[in-house]
Amino acid sequence: MLDIKFVRQNVDKVQNMLAMRGEAADLGTFEKNDNHRKAVLLEIEDLRHRRNVVSEQIARMKKNGIDASDLMAEMRDVGAKIKALDKSLEKNEDQIKQILLNLPNIPHSSVPVGKDSTENPIVKQVGVIPEFDFDPLPHWTIGENLGILDFKTASKITGARFPLYLGAGAKLERALINFMLDIHTNQHGYQEVLPPFIVNEESMTNTGQLPKFEEDLFKLAGWPYFLVPTAEVPVTNIHKNEILDEDALPIYYTAYTPCFRSEAGSYGKDTRGLIRQHQFNKVELVKFTHPKISYDELETLLHDAEVILKMLELPYQVINLCTGDLGFSSAKTYDIEVWLPEQGIYREISSCSNFEGFQARRANIRFKRKGKKGTEIVHTLNGSGLAIGRTFAAILENYQQKDGSVLIPKVLQSYMGGMEIITP
RNA sequence: GGAGAGAUGGCCGAGCUGGCUGAAGGCGCUCGCCUGCUAAGCGAGUGAGGGGUGAAAGCUUCUCCGAGGGUUCGAAUCCCUCUCUCUCCGCCA
C-alpha cells in the first residue's frame with residue numbers, strides 16, 4: 001500500500017509511475033472520496049468535541065445537584081448525529097482503502113522502463129554453460145528413467161501439476177532444502193524459522209496477494225484461510241503490528257515451506273516436469289531493514305541467493321525486471337534465472353525484491369528511531385534462496401551423463417550420505 | 001468436544017461499585033548530575049494514529065485499553081457477539 005499522504009500530494013506523479021507499469025489507474029475517484037472524507041471528519045470531530053465538553057459539564061452539575069436534563073436531551077441529538085455521520089465516514093474510508101489496496105507499488109528510480117518481460121536487461125551471466133556430446137534430455141525424462149520422479153502416479157493421487165519424488169529423488173530434494181538452509185544460517189546470518197503453511201486473509205493482504213490475486217491462491221473450504229503461495233507471507237507477518245527496536249534491524253529470516261499456487265491462467269504452459277507445479281518446495285529469505293539501507297540489503301540478498309547457484313555450479317543470469325514486468329508489491333526486483341540445457345534457455349529460479357514500505361505499511365510494521373519520537377515504517381525484502389523444484393530440475397539437466405545417470409554436485413554429496421551419482 | 005480464567009502503553013502490571021485515567025506503579029529507553037572505570041544512585045522526560053493552525057518550535061482537537069456491536073449525556077470500566085491466549089477434563093498424532 002502506498003502512503004495515503006504521498007498519493008494525496010502527488011496524484012499526477014503516482015498516475016505517471018503507474019502508467020509505466022502498464023496500469024491505467026484512475027485516481028479521480030480517490031481524490032473525490034478523499035476530499036469528502038476530510039469534510040465529514042471535520043464535522044464529526046467538532047460534534048465530538050462539543051459532546052466531550054458538555055458531558056464534563058453535566059458531571060459537574062450532577063455532582064452539585066443541579067438539573068442537567070436539558071443538556072442531556074441536547075446531547076442525545078448530538079450523539080445521534082455523530083452516529084449517522086460516522087456511518088457515512090466509514091463507507092467513505094472503505095472506498096479509499098479499497099482503492100489504495102489495489103494500487104501497485106511505485107517502481108524505484110533504478111528500475112528500467114519497459115513494457116514487458118522482453119525488455120528486462122541482463123545484469124550479469126555467471127558460470128560455464130555445459131557442453132554435451134549427446135542430445136541433453138529434459139529433466140522429466142531423466143527423472144522418470146532413473147525412477148526418481150513419477151508424475152503419472154502423482155496425478156493418480158491428486159491430479160495434474162503435482163510431483164512425486166522417489167528414492168534418491170526424494171533424498172536429493174531434502175538434501176537441497178538442508179543445504180540451502182545451512183548456508184543461509186551458517187554463512188549469511190539468517191535465522192531459521194518454520195512457519196505455518198496456512199495463513200489468514202489479513203496476512204495475505206499484508207504482503208499483497210489479496211485482495212487482487214485471490215484466484216492464484218488455494219483457499220480452504222469453510223475457512224477464511226489459504227495455503228501459502230510462498231514463505232514470504234507467513235514470515236513477513238511475524239512482525240505484523242509491531243514496533244521494532246532500531247538496534248534490532250536488520251532482521252534476517254530464512255524459511256523452508258512448500259508453496260501452493262493455483263497457476264490460474266497458465267494452462268498449456270510448462271505442462272511437463274517440475275517447472276510449474278501446484279505444489280513445490282522453496283527456501284525463502286526475508287529481511288526487515290532500515291529504509292536508509294534497503295537497497296544495499298537488496299544487493300546482499302541477491303548475493304546470498306547467487307551463492308547457492310555458485311556452490312552448486314549451475315550457470316545462471318541475473319535480470320533487472322523492467323517497470324512493465326515488476327510484481328504488484330515490488331519497487332525493484334532482480335530475477336535469477338538458471339540455465340536449462342534441454343530447452344537452451346534460462347528459467348527463473350529466484351526473485352529478489354525490495355518492497356520498501358509497501359508491505360510494512362499494510363502489516364503495520366514500524367521501528368522507533370533512538371532519541372526521536374514517533375515511528376517509521378520499516379522496509380521489507382525477500383527472495384527465493386532458492387526454489388527447490390527448479391533447482392532439482394536444473395541439476396538433473398546440467399549434470400546428466402550420456403548413460404542417463406546424473407552426477408550429484410559436490411556440495412550435496414555429504415547431504416546424500418556420500419552418494420556421488422544417481423544411476424538407474 | 002466439556003468446564004473455567006484472561007486479553008490494558010516498548011515490556012511487566014494496576015484500574016473494571018461508569019465522569020480531569022491516555023491510563024497508577026515498575027522495568028526499559030533518552031537527557032542531565034554524581035562516582036578512578038563499571039555497577040549503583042539522584043533529577044527530568046518518555047504511547048500510537050489522525051485533523052486544524054503555524055516557516056518551524058509549538059498550540060489545539062479527535063480517536064485508540066484484543067476485534068466488532070449495544071446501553072448511556074458520558075465506557076478501559078456495564079451488556080452482547082467474535083477472535084486469540086492460558087488452566088482443568090475428554091479424545092488423539
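Chain A is the first sequence line, chain B the second, and so forth, proteins listed ahead of strands; every chain is numbered from 1.
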query: What's the CG-C1' distance between A:Leu71 and B:G74, to the nearest Å?
result: 13 Å
query: Say you pick atom C1' in B:C34 and the same atom in B:U21; how far apart are they, in whole Å?
result: 36 Å
- prompt: Hey, which of A:Arg161, A:Arg390, A:Arg276 is the one that makes salt bridge (charged side-chain N to carboxylate O under 4.0 Å, His left out) with A:Asp270?
  reply: A:Arg276
message: Looking at A:Arg362 and A:Glu202, is any side-chain nitrogen of the basic one under 4.0 Å from a carboxylate oxygen of the acidic one?
response: no
Check: A:Glu45 side chain, B:G50 base, donor-acceptor under 3.5 Å: yes
query: Which of these nucleotides, B:G74, B:C62, B:G50, is closest to any side-chain atom of A:Arg37?
result: B:G50
task: Would you mind reading off the distance between A:Glu202 atom CD and B:G66 atom C1', rounded to a whole angstrom?
output: 12 Å
task: Ignoring the backbone of A:Lys368, work out which of B:G51, B:C73, B:G47 is nearest its side chain.
output: B:G47
query: A:Ala59 has a side chain; which of B:U61, B:G19, B:C73 sits nearest to it?
result: B:G19
- prompt: Distance check: side-chain N/O of A:Arg48 vs OP1/OP2 of B:C62, anything under 4.0 Å?
  reply: no
Span that lies between the C1' atom of B:G26 and that of B:U85, in whole angstrom: 24 Å
Short N-O contact, A:Glu43 and A:Lys81, less than 4.0 angstrom: no
- prompt: Can you tell me how far C1' of B:U71 sits from CE of A:Met72, to the nearest Å?
  reply: 13 Å
- request: Using the P atom as the reference point in each nucleotide, state the distance between B:U38 and B:A44 in Å, no decimals.
  value: 23 Å
task: With RNA chain B as reference, determine whether A:Met75 or A:Lys87 sits nearer its 5' end, using the nearest nucleotide of each.
output: A:Lys87
A:Leu42 CG to B:G51 P, straight-line distance once rounded to whole Å: 11 Å
task: Using the P atom on both, measure B:G6 against B:C80 and round to a whole Å.
output: 14 Å
query: Looking for any heavy atom pair under 4.0 Å, which part of the strands does A:Ser69 touch: base, sugar-phosphate only, or nothing?
result: nothing
- request: Select base, sugar-phosphate, or nothing to describe what A:Arg51 touches, counting heavy atoms under 4.0 Å on all strands.
  value: sugar-phosphate
Nearest-neighbour nucleotide for the A:Arg366 side chain, B:G74, B:G51, B:A48 considered: B:A48
task: Could you measure between the two P atoms, the one in B:U87 and the one in B:A48, and give it in whole Å?
output: 34 Å
query: Does A:Arg366 pair with A:Glu242 as a salt bridge, N-O distance under 4.0 Å?
result: no
task: To the nearest Å, give me how far apart CD (A:Glu93) and P (B:C64) are.
output: 13 Å
query: Mind checking who B:G47 pairs with, Watson-Crick or G-U wobble, both distances under 3.5 Å?
result: B:C64
- prompt: At under 4.0 Å, does any side-chain N or O of A:Lys38 touch on OP1 or OP2 of B:G52?
  reply: yes
- line: Separation of B:G28 atom C1' from A:Asp247 atom CG, nearest Å, is 13 Å
message: Applying the Watson-Crick and G-U wobble criteria at under 3.5 Å, what pairs with B:C27? Answer none if nothing qualifies.
response: B:G10
- prompt: Does the side chain of A:Asn52 get closer than 4.0 angstrom to OP1 or OP2 of B:C62 through an N or O atom?
  reply: yes
- prompt: Does OP1 or OP2 of B:G51 have a side-chain N or O of A:Arg8 closer than 4.0 Å?
  reply: yes
- request: Take the protein atom CG of A:Asp46 and the nucleotide atom C1' of B:U60, then report the distance between them rounded to whole Å.
  value: 13 Å
- prompt: Are A:Lys38 and A:Glu45 within salt-bridge range, i.e. N to O under 4.0 Å?
  reply: no
- prompt: Considering the options A:Thr333, A:Asn120, A:Asn320, which one meets the side-chain hydrogen bond (donor to acceptor under 3.5 Å, both in side chains) requirement together with A:Asp325?
  reply: A:Asn120
task: Tell which nucleotide pairs with B:G58, taking only Watson-Crick or G-U wobble pairs whose two distances are both under 3.5 angstrom.
output: B:U53
message: Let me spell it out: for each of A:Arg50 and A:Lys63, pick the nucleotide of RNA chain B with the closest heavy atom. Which residue's pick is nearer the 5' end?
response: A:Lys63
task: Look at A:Lys62 and B:G18 and indicate whether a side-chain polar atom (N or O) is within less than 4.0 Å of OP1 or OP2.
output: no
task: Under a 3.5 Å limit for both distances, which nucleotide forms a Watson-Crick or G-U wobble pair with B:U87, could you say?
output: B:A3
message: What contact category does A:Ile243 fall into here, base, sugar-phosphate, or nothing, at under 4.0 angstrom with non-hydrogen atoms?
response: sugar-phosphate
message: Rounded to whole Å, please give me the gap between CZ in A:Arg60 and P in B:G18.
response: 20 Å
field: Atom C1', compared across B:U46 and B:G9: separation rounded to whole Å
entry: 11 Å
task: Ignoring hydrogens and angles, tell me if any N or O in the side chain of A:Ser353 forms a donor-acceptor pair with the backbone of A:Phe355 under 3.5 Å.
output: no
statement: The nucleotide from B:C73, B:G50, B:G69 with an atom nearest the side chain of A:Glu90 is B:G69
- prompt: Of the candidate nucleotides B:C73, B:G70, B:G10, which contains the atom at the shortest distance from the side chain of A:Lys83?
  reply: B:G70
field: B:A39 - base-pair partner by Watson-Crick or wobble geometry, distances under 3.5 Å
entry: none
- prompt: If you check every side-chain atom of A:Ser55, which of B:G19, B:G50, B:G70 has the closest atom?
  reply: B:G19
- prompt: Quick one: which of A:Asn382, A:Asp304, A:Thr300, A:Thr380 gives a side-chain hydrogen bond (donor to acceptor under 3.5 Å, both in side chains) with A:Lys287?
  reply: A:Thr300
field: Interatomic distance at C1', B:C91 relative to B:G22, whole Å
entry: 46 Å
query: Sub-3.5 Å donor-acceptor pair from the side chain of A:Thr323 to the main-chain atoms of A:Met20, do we have one?
result: yes
- line: Mate of B:C73 across any strand shown (Watson-Crick or G-U wobble, both atom pairs under 3.5 Å) is B:G19
- line: Winner on side-chain proximity to A:His49, out of B:C62, B:C73, B:G69, is B:C62
field: Inter-nucleotide C1' distance (B:C27, B:G13), Å rounded
entry: 10 Å
